Amino acid sequence: MYFNIHTHSFSNNDEIIELVNQYPNDIDVSLPYFTVGIHPWYINEDTFLDELALIEKYLQLPNCKALGECGLDKRIETSLEVQKKVAIAQLLLAEKYKKPVILHCVAAYQEVIEIKNKLQLTVPLIIHGFSKNEQVANSLIKNEFYLSFGKYLLRNPELGNVLKKVPLNNIFLETDTINETIVDVYEKAQSILQVDVSKIIEQNFNRVFNL
């Protein structure tokens, strides 16, 4: 069995358990497993409270396995203060309903760590699509984040050296929007780590997502 913690398309493959990323105003609750959140790219201050109410409703469904993706992105026009306001509101909902969080983070790792510690969050926080260096990885791991690897693991050979340094209990795998399959990502991780990746990811998935 393969576990894909972040994808934007449902493969309908019995061999894959996948968390399909969805948005509050465009959602299919019949999917086996999904996540829902306000991505920082799509923040609308006029509608965000309505979207938050929808997210709260969906978080109570058993097949909604996480909140997200949400987060911070310093490379977009929306101000960081607005992004923080929207992210914090979602993180508090995740804490209320004890759901893990899939985080989008671009050039704002220190801010995300500060928010986690300030809010004293206890739910698992997963940085999706991790692509940074060992120093950033160590800082996140020290603050009890999980790291999910996907596209960049297939594209950037240097990232393999970072993956080797991440504790196995903190690793997830994903496809996001790439054409390659989760099997390709597993095979890449397996070749880098030289351990039973399937067993490790399954244990991490069951522990974090209560499956």
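All heavy atoms count here, side chains included; hydrogens, waters and symmetry mates do not. All figures in this text were calculated on a predicted structure; none of them were measured in a lab.
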Review point. What distance separates L19 CG from N63 CG, expressed to the nearest 0.5 Å?
Key: 10.5 Å
Review point. Around Q194, counting heavy atoms of other residues, nucleotides and ligands shown, do more than 12 lie under 6.0 Å from its CD?
Key: yes
Review point. Are M1 and V185 connected in a single hydrophobic cluster, I mean Ile/Leu/Val/Met/Phe/Trp/Tyr linked by side-chain heavy atoms less than 4.5 Å apart?
Key: yes
Check your understanding: Between CG of L173 and NZ of K188, what distance do you get to the nearest 0.5 Å?
Key -> 13.0 Å
Point to revise | Closest approach of I192 to G160 (non-hydrogen atoms, all atoms of both residues) | key: CG2-O, 3.4 Å
Check your understanding: Between V106 and I76, is a side-chain contact (heavy atoms from CB on, under 4.5 Å) present by the stated rule, with each step listed?
Key -> CA-CA 9 Å; V106 176; I76 60 174; over 6 Å; no
Check your understanding: Are there more than 12 heavy atoms of other residues, nucleotides or ligands under 6.0 Å from atom CG of D14?
Key -> no
Review point. Out of Y146, F149, F145, which residue meets the ring-ring contact (aromatic ring centres under 6.0 Å, His included) rule with F130?
Key: F149
**Study point:** Candidate pair L125 and V112, rule side-chain contact (heavy atoms from CB on, under 4.5 Å), full reasoning
**Key:** CA-CA 10 Å; L125 303 181; V112 165; 5.6 Å; no
Point to revise | Main-chain N/O of N21 paired with E69 side-chain donor or acceptor, under 3.5 Å | key: no
Point to revise | Ring-ring centroid check F209 F172, cutoff 6.0 Å | key: yes
Review point. Of the non-hydrogen atoms in T35 and G68, which two are nearest, and what is the gap between them?
Key: OG1-O, 3.1 Å
Revision key, fill the gap. What one should report as the nearest heavy-atom pair of P40 and L72 is CG-N, 4.2 Å
Check your understanding: Would you call K98 and T122 a side-chain contact if the rule is heavy atoms closer than 4.5 Å?
Key -> yes
Practice item. Ignoring hydrogens and angles, tell me if any N or O in the side chain of E56 forms a donor-acceptor pair with the backbone of L52 under 3.5 Å. Key: no
Exercise for review: Please check if any side-chain donor atom of T175 sits under 3.5 Å from a side-chain acceptor atom of E180, or the reverse.
Suggested key: no
Exercise for review: Measure the acute angle between the ring planes of W41 and H104, then classify it against the limits of 30° and 60° as parallel, tilted or perpendicular.
Suggested key: perpendicular
Practice item. Could you tell me whether the side chain of K165 and the main chain of E134 form a donor-acceptor pair under 3.5 Å? Key: no
Exercise for review: Fit a plane to each ring of H6 and H8, take the angle between them on a 0 to 90° scale, and name the class: parallel (under 30°), tilted (30 to 60°) or perpendicular (over 60°).
Suggested key: perpendicular
Check your understanding: So, does S79 use its side chain to make a donor-acceptor pair with the main chain of V82 at under 3.5 Å?
Key -> yes
Review point. Has Y152 got more than 12 heavy atoms of other residues, nucleotides or ligands less than 6.0 Å from its OH?
Key: no
**Study point:** Euclidean distance, I102 CD1 relative to K65 NZ, rounded to 0.5 Å
**Key:** 12.5 Å
Check your understanding: Can you find a pair of side-chain heavy atoms, one from I200 and one from D196, that are under 4.5 Å apart?
Key -> no
Check your understanding: What heavy-atom pair brings G71 and A87 nearest, and what distance separates the two atoms?
Key -> O-CB, 4.0 Å
Practice item. State whether the side chain of K99 and the backbone N or O of C64 hold a donor-acceptor pair below 3.5 Å, judged by distance alone. Key: yes
Review point. Has the side chain of Y186 got a donor or acceptor atom that lies under 3.5 Å from a matching backbone atom of F3?
Key: yes
Revision key, fill the gap. Residues L67 and C70: closest non-hydrogen pair is CD2-SG, 3.7 Å
Point to revise | No-hydrogen, no-angle side-chain donor-acceptor test under 3.5 Å, E174 and S148 | key: yes
**Study point:** Pairwise distance CG(N204) to CG(N169) - rounded to 0.5 angstrom
**Key:** 5.5 Å
Revision key, fill the gap. CZ of F48 to CD1 of I38, rounded to nearest 0.5 Å, is 6.5 Å
Practice item. Apply side-chain contact (heavy atoms from CB on, under 4.5 Å) to the pair L59 and K96, showing each step before the final yes or no. Key: CA-CA 10 Å; L59 281 177; K96 179 179 178 179; over 6 Å; no
Point to revise | E51 and Y23 side chains, donor-acceptor separation under 3.5 Å | key: no
Exercise for review: Say whether, by atom type as modelled, one donor and one acceptor occur between the side chain of Y109 and the main chain of C105 under 3.5 angstrom.
Suggested key: yes
Practice item. Report the C-alpha distance between E18 and Y2 in whole Å, list the side-chain angles of each, state the deciding distance to 0.1 Å, and finish with yes or no for side chain to side chain donor-acceptor pair (under 3.5 Å). Key: CA-CA 8 Å; E18 54 198 353; Y2 297 94; over 6 Å; no
Practice item. Please answer whether the main-chain N or O of D73 pairs with a side-chain N or O of Q83 as donor and acceptor at a distance below 3.5 Å. Key: yes
Check your understanding: Going by heavy atoms in the side chains, are L119 and E95 under 4.5 Å from each other?
Key -> no
Check your understanding: Near Q135 CD, under 6.0 Å, is it more than 12 heavy atoms from other residues, nucleotides or ligands?
Key -> no
Review point. For the side chain of K116 and the backbone of N143, is there at least one donor-acceptor N/O pair under 3.5 Å apart?
Key: yes
Check your understanding: At what distance, to the nearest 0.5 angstrom, does NZ of K57 lie from CD1 of I27?
Key -> 8.5 Å
Exercise for review: Apply the test side-chain contact (heavy atoms from CB on, under 4.5 Å) to residues I113 and S139: give CA-CA distance (whole Å), side-chain angles for both, the deciding distance (0.1 Å), then the verdict.
Suggested key: CA-CA 9 Å; I113 290 169; S139 181; 3.4 Å; yes
